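A quick write-up on the structure given underneath.
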Amino acid sequence: MSMLIFEISKPGRRCSTLPKCDVDFVAVPEEFKRNIPMNLPEVAEIDLVRHYTNLSRNAFGVDNGFYPLGSCTMKYNPKINEDVAALKGFTAVHPLQPEETVQGSLEAMHVLGDRLCKITGMDAITLQPAAGAHGEFTGLSMIKAYQLDKGETQRNKLIVPDSAHGTNPASAVMAGFTVVNIPSTPEGTVDIDALKKAVGDDTAALMLTNPNTVGLFEKDIVKIAEIVHNAGGLLYYDGANLNAVMGITRPGDMGFDVTHLNLHKTFSTPHGGGGPGSGPVACKAILAPFLPAPVVTFNNGAYTFAKPAKSIGRVRSFYGNFLVYIRALTYIMSIGAEGIREAAENAVLNANYMMEMLKDSYDVPFGGPCMHEFVLSIERLKKQTGISAADIAKGLVDKGIHPPTMYFPLIVPEALMLEPTETESRETLDNAIRAFKEVYAMAFDNPQALRDAPLTTPVGRPDETTAVRNPILSYTVNN
Ligand SMILES: *Cc1c(COP(=O)(O)O)cnc(C)c1O
């Protein structure tokens with residue numbers, strides 16, 4: 001393991017040469033001075049460069065290799081996004097500056113909002129939420145406010161299919177709803193009869209993603225929307241899977257009333273540790289009065305912040321992750337409307353190609369063409385060899401591939417979910433297919449090697465429970 005930068009520190013080492021001070025020295029008054037000197041690492045420039053270069057090699061990112069993490073859309077993040085987000089005009093503004101001095105930044109937010117509304121088929125938008133789950137909470141809070149505003153105080157149930165992403169029921173509970181789970185059909189789509197039985201006077205909304213979490217398109221979506229609307233409920237679209245359909249179909253046209261988008265998935269901005277996320281929420285006109293404040297509006301030739309009439313309030317400090325918006329806007333403007341559609345088409349093509357090529361070894365629980373991702377089940381292989389989905393995933397790490405999503409969706413035992421995305425070449429997919437097949441063969445020929453994998457990473461197999469329940473996240477400085 002790498003040493004901490006504090007451990008390589010030696011008193012007096014420096015990597016900066018400051019110019020001679022050209023103003024008079026003013027002593028800091030005693031009462032403002034620290035009692036103990038600040039503990040800063042002292043290193044030479046070469047040690048600093050090596051330290052961070054080596055640290056970066058301990059992690060795996062989309063810039064290192066293939067990253068088919070299902071449901072996460074780990075597409076390549078074009079570097080032009082970074083160039084535009086680094087422009088002084090965007091980085092040197094302050095959120096408390098008067099509106100008339102930041103018209104360009106407001107325009108960028110307005111244009112991004114407009115493009116996202118066009119892509120989703122919605123009328124109004126907030127860019128504030130900081131992630132997908134935060135967007136879910138925001139959109140569901142708007143639905144709650146809408147139902148209460150209509151005097152429908154009894155509408156406290158949120159219908160969620162059993163295949164849903166874990167954040168869906170969690171956000172529903174956070175927003176004060178009771179979750180009603182409905183089962184999926186054996187084909188993996190919404191059970192219409194179960195939905196008909198579940199809706200009623202107490203239905204606030206149905207929360208759905210389409211294509212759904214097993215990678216299938218809900219063909220009956222218009223009928224589903226009708227059933228929910230006729231019962232007085234609204235439809236929430238989990239837009240995390242928009243990469244499969246953008247430019248082809250729109251949640252607004254399918255009958256959804258509100259959706260969040262993951263800029264860090266579909267719109268090529270960095271994920272998690274690579275940068276802050278962003279989960280804008282777009283909605284139909286009926287929900288626009290409930291959007292969080294402030295929203296950017298354009299009146300009499302100027303951009304201003306405004307508060308929607310029945311706003312649920314602020315959900316994020318200032319205006320959200322502004323430089324992430326700039327990256328997403330750069331992506332949308334550089335590929336254009338045609339590129340948006342092409343991205344979705346190639347994402348679906350790549351997923352189907354991989355699925356077809358893996359079908360003769362791995363079990364594919366849901367047949368037929370998939371959308372942008374697909375699910376494999378290791379259940380039968382596990383019965384035959386004792387090798388689990390986790391073992392397969394660890395074996396792939398040694399082949400330079402980030403594991404697929406494991407043990408999700410929950411309705412498939414020993415699941416592996418793959419989402420290759422549109423940015424991977426035929427050669428990368430073929431190499432990955434070969435690696436998946438090699439690992440599959442290892443389950444029979446050399447299962448112990450798979451149980452020992454990975455051998456090429458700084459950390460092999462941590463105790464996953466301890467790593468989650470008792471992580472050591474702090475370091476005690478001895479001096
Ligand atoms: C990623 C994802 C979310 C949550 O998004 P975060 O930005 O991680 O909070 C919600 N639903 C689905 C289907 C997702 O894939």
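Just follow the structure's listing: the first ligand is 1, and inside any ligand the first atom is 1. Just the heavy atoms: all of them, side chains too, but no hydrogens, waters or symmetry mates, feed the values below. All values derive from a computational prediction rather than experimental measurement.
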Begin with the C-alpha distance, continue with both residues' side-chain angles, and end with the deciding distance and a verdict on side chain to side chain donor-acceptor pair (under 3.5 Å) for N168 and E136. CA-CA 7 Å; N168 291 185; E136 290 173 21; 3.1 Å; yes

Taking atom types as modelled and ignoring hydrogens, do the side chains of [X] and [Y] form a donor-acceptor contact shorter than 3.5 angstrom?
X: N243; Y: E422; result: yes
X: H260; Y: Y237; result: no
X: D257; Y: H229; result: yes

Every residue of the protein that comes under 4.0 Å of ligand 1, judged on heavy atoms: S71, A131, G132, A133, E136, H165, T167, D238, A240, N262, H264, K265

Can you check whether P211 reaches E218 side chain to side chain, under 4.5 Å on heavy atoms? no

To the nearest 0.5 angstrom, please state how far the CG atom of L116 sits from the OG1 atom of T259. 10.0 Å

